[in-house]
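In this text the structure is predicted, and so the values were computed from the model without any measurement.
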Amino acid sequence: MTVVDIRSFITVRNVELIEVNNDFIYYAEEKNEEGHNNLFLLEYNRVTRRERVITHYSLDDPTFVQHIYSFVDSIVLLLENGGSAVWVFRVDKNTGEETVRTQLNCIGGFAGSKALDKRHVLVYTEANEEFFDLFKEYQRVTGCARVAYLYDIEKEEKYFVKNLRLCRRSGEDFLLYSTQEGKQVLLLDPYGDETLKQRCYRSARWINTQVRDNLWVIPLKRLMEGIKRGEEEFRERPVITADINGLVRFSGMDKHNIYFKAKHFPTGRERICRYDKNSGEIQVAADLAQSETQACSYYIEERNAKAYRLEEYDETILVHGVVNSAVHAEYEKKLGQLVSCVEDRFLITRKVVYDDQGNYEFEYNSIYDIVKKTEESFECKCAVWGNTLVLF
């Protein structure tokens, strides 16, 4: 495991990690300097251990919220304050040159976004005071409360999304990855949360609408072309689906596979399955069995595509890896909740402390070495990307 500590470069604890790779860490830091709010895009060189300012922006409006997306050679930045206007910038990672600066004007107030590549951005809007009546009529006709646009930031052209399934999703439901056939989009299309899906199963006799979870895999180019042509449905079928008798939920992705949790309500059987990105083959990765004698739960680490079985005892938690991990170790409850296990040796845990009003105060992140039986704690935030632990 490699620990990268960038705390000495951070002036204030208002930092967002953007990307971590083998050579660089990209992050954003918002600072108040001489009464002015500034947003800095920064690069940390893991070899030289030096920080470099890529660029910075003055946030004249203190209500601006940033949405940042990283690509191979560029960072796409959206600034919005919930209104109808969204500023969109694209910055070259190497030179800091601003290659795009444009403003997108929408109908309704900003409600979410997703950059599909360094040129195309999905932007969602919802009813605001100015367009309340229009959205009310739109929802009456379509049953959808939000509008979506695909925006070409180079041509400054926007396309109204007519596929209502896309309009009902959020930016977090669009996951991008590459295969031998090119860039793909994994679209997560669940029916509510897990509690709602199970409640629907229990009330199935009174439900007349279709209750179904879907996971779609769509070539990125085809998705964008379909939006531009005004298509209302996908050509593809979902690669994974579950009707009212079960559920499927995304649980992680690695270089070769997409992982999802599948549950069959009539039997209570629960599994982690994997979908091969290139062949499309689906296999069972692990059964998530419950114990009749010991209280246990399962923790799924989405970013690193791992799953663990947690057995709770009076003073300790026993961790047993079940997907992409072979760890079998115990740690003390006082260290907090499991975050990750790196190299099947280092348990990363987190304990968040709140004040009497329930407001966030600070957090401790700990590294427990199960071989040396040592622990080290840090009062800061942390993130695990592969075998790298970043302290910030």
Side-chain angles (χ1 to χ4, degrees), residues 1-31 39-56 66-78 90-96 114-118 171-172 174-178 183 186 250-259 277 299-307 324-325 337-350 363-367 376 378-392:
M1 179 178 69
T2 301
V3 178
V4 181
D5 189 348
I6 62 173
R7 289 176 294 170
S8 62
F9 297 98
I10 297 170
T11 306
V12 293
R13 294 287 178 85
N14 192 5
V15 172
E16 175 186 352
L17 285 188
I18 302 171
E19 179 190 349
V20 178
N21 60 44
N22 293 332
D23 300 312
F24 301 102
I25 297 173
Y26 296 96
Y27 51 104
E29 183 177 10
E30 191 174 336
K31 304 177 185 179
L39 176 67
F40 290 82
L41 299 181
L42 302 155
E43 173 195 89
Y44 175 80
N45 188 311
R46 296 181 60 174
V47 177
T48 65
R49 299 183 181 181
R50 292 182 177 180
E51 181 187 66
R52 179 176 70 91
V53 176
I54 300 172
T55 191
H56 79 281
Q66 63 263 17
H67 307 267
I68 306 172
Y69 306 96
S70 184
F71 297 97
V72 174
D73 60 1
S74 302
I75 293 174
V76 176
L77 166 67
L78 278 69
R90 189 176 68 200
V91 178
D92 185 290
K93 281 181 175 178
N94 297 315
T95 66
K114 177 68 176 184
L116 297 179
D117 59 20
K118 69 178 186 179
E172 292 75 17
F174 292 80
L175 305 179
L176 306 172
Y177 67 93
S178 298
K183 299 289 185 180
L186 172 65
F250 173 77
S251 58
M253 187 188 307
D254 59 23
K255 184 177 180 180
H256 302 291
N257 298 293
I258 296 167
Y259 297 86
K277 292 179 179 178
Y299 169 59
I300 296 173
E301 185 188 354
E302 285 190 9
R303 177 178 290 159
N304 295 303
K306 297 179 182 180
N324 293 331
S325 173
Q337 296 180 322
L338 180 70
V339 172
S340 181
C341 180
V342 182
E343 298 175 357
D344 284 342
R345 172 174 174 174
F346 303 98
L347 295 179
I348 313 301
T349 62
R350 174 176 298 135
E363 67 182 68
Y364 289 102
N365 288 280
S366 301
I367 304 172
E376 189 174 7
F378 306 89
E379 186 189 340
C380 65
K381 293 183 178 180
C382 83
V384 180
W385 296 59
N387 289 338
T388 298
L389 171 67
V390 182
L391 302 175
F392 63 99

Correct closest heavy-atom pair for Cys382 and Leu391 would be CB-CD2, 3.8 Å

Is Gln337 close to Thr349 at the side-chain level, that is, under 4.5 Å between some pair of heavy atoms? no

Drop me the distance from His256's NE2 to Lys277's NZ, to the nearest 0.5 angstrom. 8.5 Å

Which residues satisfy the salt bridge (Lys or Arg N to Asp or Glu O under 4.0 Å) test with Lys93, sequence neighbours excluded? Glu19

Rounded to the nearest 0.5 Å, what separation is found between the CZ atom of Phe392 and the SG atom of Cys380? 8.0 Å

Counting C-beta onward and ignoring hydrogens, is there a side-chain heavy-atom pair between Lys381 and Val15 closer than 4.5 Å? no

Restricting to non-hydrogen atoms, name the atom on Ser251 and the atom on Ile300 that form the minimum distance, rounded to 0.1 Å. O-CG2, 3.2 Å

Heavy atoms only: give me the nearest Ser74-Lys118 pair and the separation to one decimal. OG-CD, 3.8 Å

To the nearest 0.5 Å, what is the distance between OH on Tyr259 and CG on Asn257? 4.0 Å

Rounded distance (nearest 0.5 Å) linking atom OH of Tyr27 with atom CZ of Phe9: 6.5 Å

What do the steps show when you test Asn387 against Glu343 for side-chain contact (heavy atoms from CB on, under 4.5 Å), and what is the final call? CA-CA 7 Å; Asn387 289 338; Glu343 298 175 357; 3.9 Å; yes

CZ of Arg345: more than 12 outside heavy atoms within 6.0 angstrom? yes

Where is the tightest heavy-atom contact between Arg350 and Asn365, given as atom of each residue plus distance? NE-OD1, 3.0 Å

Chi angles and distances behind the side-chain contact (heavy atoms from CB on, under 4.5 Å) call for Arg90, Leu77: CA-CA 6 Å; Arg90 189 176 68 200; Leu77 166 67; over 6 Å; no

Just wondering, do Met253 and Leu175 contact through their side chains at under 4.5 Å, heavy atoms? yes

Provide the closest heavy-atom pair for Leu176 versus Phe71 in the form atom of the first, atom of the second, distance. CD1-CE2, 4.5 Å

Counting only N and O atoms by type, is there a donor-acceptor contact under 3.5 Å from the side chain of Arg46 to the main-chain atoms of Val20? no

If I compare all heavy atoms of Met1 with all of Ile348, which pair ends up nearest, and what's the gap? SD-CD1, 4.1 Å

From CD1 (Ile18) to CD1 (Ile25), nearest 0.5 Å: 11.5 Å

Stepwise side-chain contact (heavy atoms from CB on, under 4.5 Å) test for Glu51 and Ile6: CA-CA 9 Å; Glu51 181 187 66; Ile6 62 173; over 6 Å; no

Asp344 side chain vs Ser325 backbone, donor-acceptor pair below 3.5 Å: no

May I have the step-by-step check of side-chain contact (heavy atoms from CB on, under 4.5 Å) for Leu347 and Ile367, ending in yes or no? CA-CA 6 Å; Leu347 295 179; Ile367 304 172; over 6 Å; no

Which of Thr2, Val3, Val342, Val339 passes side-chain contact (heavy atoms from CB on, under 4.5 Å) with Leu389? Answer is Val3

Do Ile54 and Val91 make a side-chain contact, defined as non-hydrogen atoms from C-beta onward lying under 4.5 Å apart? yes

Heavy atoms, side chains only, cut-off 4.5 Å: are Val384 and Asn304 in contact? yes

Euclidean distance, Ile75 CD1 relative to Ser70 OG, rounded to 0.5 Å: 5.0 Å

Is any side-chain heavy atom of Glu16 less than 4.5 Å from a side-chain heavy atom of Gln66? yes

Test item: Tyr44 and Arg50 side chains (from C-beta on) under 4.5 Å apart, heavy atoms: no

Taking the side chain as every heavy atom from C-beta outward, state whether Ile258 and Leu186 have any pair of such atoms under 4.5 Å apart. yes

Cation-aromatic face contact Lys31/Phe40, 6.0 Å, 45 degrees: yes

